[in-house]
There are 2 protein chains.
Amino acid sequence: MKQRRADSIAEQLEELIFDGTFPDGTRLDEIRISERFGVSRTPLREALQRLALSGLVELIPRRGAFVRQPGPIELLEMFEAMAEIEAVCGRLAAMRITETALDELQTANRNCQAAVNAQDRDSYYTENERFHKIIYQQSGNSYLEEQAIKLHKRLKPFRRQQLRARGRMAQSMAEHEAIVEALSRGAADDAANRLRSHVAVQGEKFHNLMTALKATAE
Amino acid sequence: MKQRRADSIAEQLEELIFDGTFPDGTRLDEIRISERFGVSRTPLREALQRLALSGLVELIPRRGAFVRQPGPIELLEMFEAMAEIEAVCGRLAAMRITETALDELQTANRNCQAAVNAQDRDSYYTENERFHKIIYQQSGNSYLEEQAIKLHKRLKPFRRQQLRARGRMAQSMAEHEAIVEALSRGAADDAANRLRSHVAVQGEKFHNLMTALKATAE
DNA sequence: TGACAAATTCTTGTATACAAAAAGTTGACT
DNA sequence: AGTCAACTTTTTGTATACAAGAATTTGTCA
């Protein structure tokens with residue numbers, strides 16, 4: 001948006017938080033970080049403000065900036081919200097989707113299937129993202145689309161590890177097919193329900209993971 | 001969040017934008033505004049960043065900050081998104097709402113009715129807001145709640161003028177009653193549908209207003 | 001020895017100074 | 001006279017300097 005400096009710093013910091021360099025609760029010392037990036041405190045503070053608005057860091061007055069990773073409850077809530085927002089996008093898309101977009105969805109699905117056959121997880125992930133983003137876009141509502149993309153991005157690091165569940169990729173593919181079918185029929189509620197449960201599975205998987213971890217910890 | 005200075009400036013600027021002191025497209029000169037608030041450019045810039053993130057101003061690199069009011073299309077999209085998000089909140093709330101919250105909804109409704117009888121528009125508005133916020137909260141999903149509140153706030157200045165439609169307040173009241181009834185029955189889809197159309201009406205009223213304005217302009 | 005208080009130090013928040021880029025203006029050349 | 005270019009001015013982006021508040025440390029007293 002504004003200058004490329006604060007923006008690129010925000011991106012880099014985001015990356016450093018995602019990859020675990022700055023774990024949850026870390027205090028982000030303005031001086032140390034600004035030195036690390038070779039800039040002064042001013043643009044760094046602007047970057048921190050942005051991260052604060054997107055929820056990645058918490059700014060406590062007169063205390064500083066702290067890395068704020070969502071806890072398990074918050075994550076479940078975000079997964080649930082994602083499922084509901086996708087359902088809404090699907091509902092609207094069913095009424096508005098274009099023929100070309102339907103074709104694109106099928107292309108993405110074919111590429112997904114190819115990735116499944118090739119056991120190519122990265123490629124699967126990319127094509128899967130494309131699939132969902134087309135649906136956001138075809139909701140015909142750019143506000144919703146923006147919200148969906150934002151949340152999708154925020155959940156990215158937590159979703160990635162879940163694709164490892166055995167047989168999940170193949171099942172996911174089948175769900176994609178059904179979703180496209182519902183969209184092409186213009187079946188709003190059907191598309192919404194299918195998308196909701198398709199995405200909600202991720203939250204449930206995560207829930208299972210959490211409880212499993214909790215059980216082993218006792 | 002951070003210091004009270006930049007925060008209060010952001011709030012005041014928001015107010016100035018809402019009340020039309022700074023119309024759409026106005027360039028917000030950093031020096032003039034900072035002088036107006038009696039602060040330096042630094043905290044003002046932080047305030048502008050926040051407003052940019054919430055979508056009220058657009059920050060163009062090396063050009064400055066410009067007031068960015070949503071156009072008609074964008075507004076319709078936001079109203080639609082609001083309707084859908086409310087529907088989602090209602091769906092979840094139907095499964096999770098507490099008895100005390102149901103009581104609070106009915107209290108808010110009674111106060112609303114009293115405001116209708118007294119022709120007290122301000123009071124109606126306040127109680128109506130309370131009604132909806134209870135539902136957001138009872139979705140049991142604080143992420144969704146936050147998004148709903150944010151959008152609700154953003155649409156506030158555009159919704160206010162619509163309550164003048166004849167008979168709208170009374171009709172709205174009846175819809176509220178039906179919504180509470182659905183929630184108390186735990187009828188998820190019914191609550192969702194009722195909430196969606198209850199809110200969507202606002203968007204439609206706005207749409208009518210727009211087309212009417214357009215027609216007179218020709 | 002432990003606890004409380006004062007002082008020092010460190011860090012954040014704000015102001016100002018400086019640099020770079022864009023916009024506006026003036027002048028020269030065709 | 002019109003257009004293009006260089007220069008001036010204005011404005012944003014960044015750095016640094018300064019002020020105020022929080023945290024820590026040290027010293028004193030019980």
Side-chain angles (χ1 to χ4, degrees), chain A residues 1-18 20-70 150, chain B residues 1-18 20-70 150:
Chain A
M1 302 222 181
K2 198 148 201 168
Q3 70 289 6
R4 64 179 170 287
R5 193 92 67 154
D7 215 3
S8 80
I9 289 172
E11 260 180 63
Q12 290 177 59
L13 259 179
E14 204 175 289
E15 201 54 44
L16 289 172
I17 290 172
F18 279 157
T21 309
F22 297 117
D24 187 38
T26 310
R27 188 174 134 272
L28 298 172
D29 188 283
E30 292 182 1
I31 297 169
R32 290 174 69 91
I33 311 242
S34 61
E35 279 172 359
R36 178 169 188 151
F37 284 104
V39 296
S40 96
R41 282 174 54 217
T42 313
L44 179 86
R45 282 173 64 89
E46 298 201 350
L48 287 177
Q49 295 250 13
R50 294 193 193 187
L51 294 184
L53 265 293
S54 74
L56 270 160
V57 307
E58 189 173 11
L59 260 45
I60 302 176
R62 294 268 173 211
R63 295 289 297 274
F66 297 83
V67 176
R68 170 102 174 70
Q69 291 283 30
K150 220 185 244 175
Chain B
M1 301 224 180
K2 198 148 203 170
Q3 70 290 5
R4 63 180 169 288
R5 193 94 64 157
D7 214 3
S8 79
I9 289 172
E11 261 180 64
Q12 290 177 61
L13 259 179
E14 204 174 290
E15 202 55 44
L16 289 172
I17 291 171
F18 279 157
T21 309
F22 297 117
D24 188 37
T26 310
R27 189 172 134 273
L28 298 170
D29 188 282
E30 293 182 359
I31 296 169
R32 289 173 69 91
I33 311 242
S34 60
E35 279 172 0
R36 178 171 188 150
F37 284 105
V39 296
S40 95
R41 280 175 54 215
T42 313
L44 179 86
R45 281 174 64 89
E46 298 201 350
L48 286 178
Q49 295 251 12
R50 295 195 192 186
L51 294 184
L53 266 292
S54 74
L56 270 160
V57 307
E58 190 173 9
L59 260 45
I60 302 176
R62 296 270 173 209
R63 295 291 297 274
F66 296 83
V67 176
R68 168 106 173 70
Q69 291 283 28
K150 220 186 245 175

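Note that the coordinates shown come from a computational prediction; the quantities given were computed from them, not determined experimentally. Naming convention: chains lettered A, B, ... in sequence-line order (proteins, then strands); numbering from 1 in each chain. Only this structure's heavy atoms are used, side chains among them; waters, hydrogens and symmetry mates stay out.
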Item to complete: In sequence, state the C-alpha distance, the side-chain angles, and the governing distance for Phe66(A) and Leu59(A), and then conclude on side-chain contact (heavy atoms from CB on, under 4.5 Å).
Response: CA-CA 7 Å; Phe66(A) 297 83; Leu59(A) 260 45; over 6 Å; no
Worksheet item: Is there a side-chain polar atom (N or O) of Arg5(A) under 4.0 Å from OP1 or OP2 of dT14(D)?
Response: yes
Discussion item. Output the rounded distance in Å from CG (Asp7(A)) to C1' (dT14(D)).
Written reply: 16 Å
Worksheet item: Between Ser34(B) and Leu44(B), what is the shortest heavy-atom contact and its length?
Response: N-CD2, 4.1 Å
Worksheet item: Glu46(B) has an atom CD; how far is it from atom P of dT14(C), in whole Å?
Response: 7 Å
Worksheet item: How long is the gap from CD1 on Ile9(B) to CZ on Arg50(B), to the nearest 0.5 Å?
Response: 10.0 Å
Practice prompt. May I have the distance from Arg50(B) (atom CZ) to dG13(C) (atom C1'), rounded to whole angstrom?
Written response: 12 Å
Fill in: Asp24(A): partners by side-chain hydrogen bond (donor to acceptor under 3.5 Å, both in side chains), with sequence neighbours left out
none
Discussion item. Which residue is it: Glu30(A), Glu46(A), Glu35(A)? I am looking for the one with a salt bridge (Lys or Arg N to Asp or Glu O under 4.0 Å) to Arg41(A).
Written reply: Glu30(A)
Fill in: Side chain of Arg45(A) (C-beta onward), nearest among dG13(C), dT11(C), dA15(C)
dG13(C)
Practice prompt. Rounded off to whole Å, could you give me the CD-to-P distance for the Gln49(B) and dT14(D) pair?
Written response: 10 Å
Worksheet item: How many Å lie between CG on Leu44(B) and P on dT14(C), as a whole number?
Response: 12 Å
Discussion item. To the closest 0.5 Å, what do you measure between CG (Leu51(A)) and CD (Glu58(A))?
Written reply: 13.0 Å
Fill in: Chi angles and distances behind the side-chain contact (heavy atoms from CB on, under 4.5 Å) call for Leu13(A), Leu56(A)
CA-CA 10 Å; Leu13(A) 259 179; Leu56(A) 270 160; over 6 Å; no
Discussion item. In this structure, how many angstroms lie between the P atom of dC18(D) and the CD atom of Glu30(A), rounded?
Written reply: 19 Å
Worksheet entry | Interatomic distance, Arg41(A) CZ vs dT11(C) P [rounded to whole Å] | 10 Å
Worksheet entry | 5' precedence on DNA chain D between Arg27(B) and Thr42(B) (nearest-nucleotide basis) | Arg27(B)
Nucleotide N/O to protein N/O under 3.5 Å, stretch nucleotides 22-25 of chain D:
residue : atom : partner  : partner atom : Å
dA23(D) : OP1  : Arg63(A) : NE           : 2.7
dA23(D) : OP1  : Arg63(A) : NH1          : 3.0
dA23(D) : OP1  : Arg63(A) : NH2          : 3.2

Worksheet item: Starting at CD1 of Ile9(A) and ending at C1' of dT14(D), how long is that distance when rounded to a whole Å?
Response: 10 Å
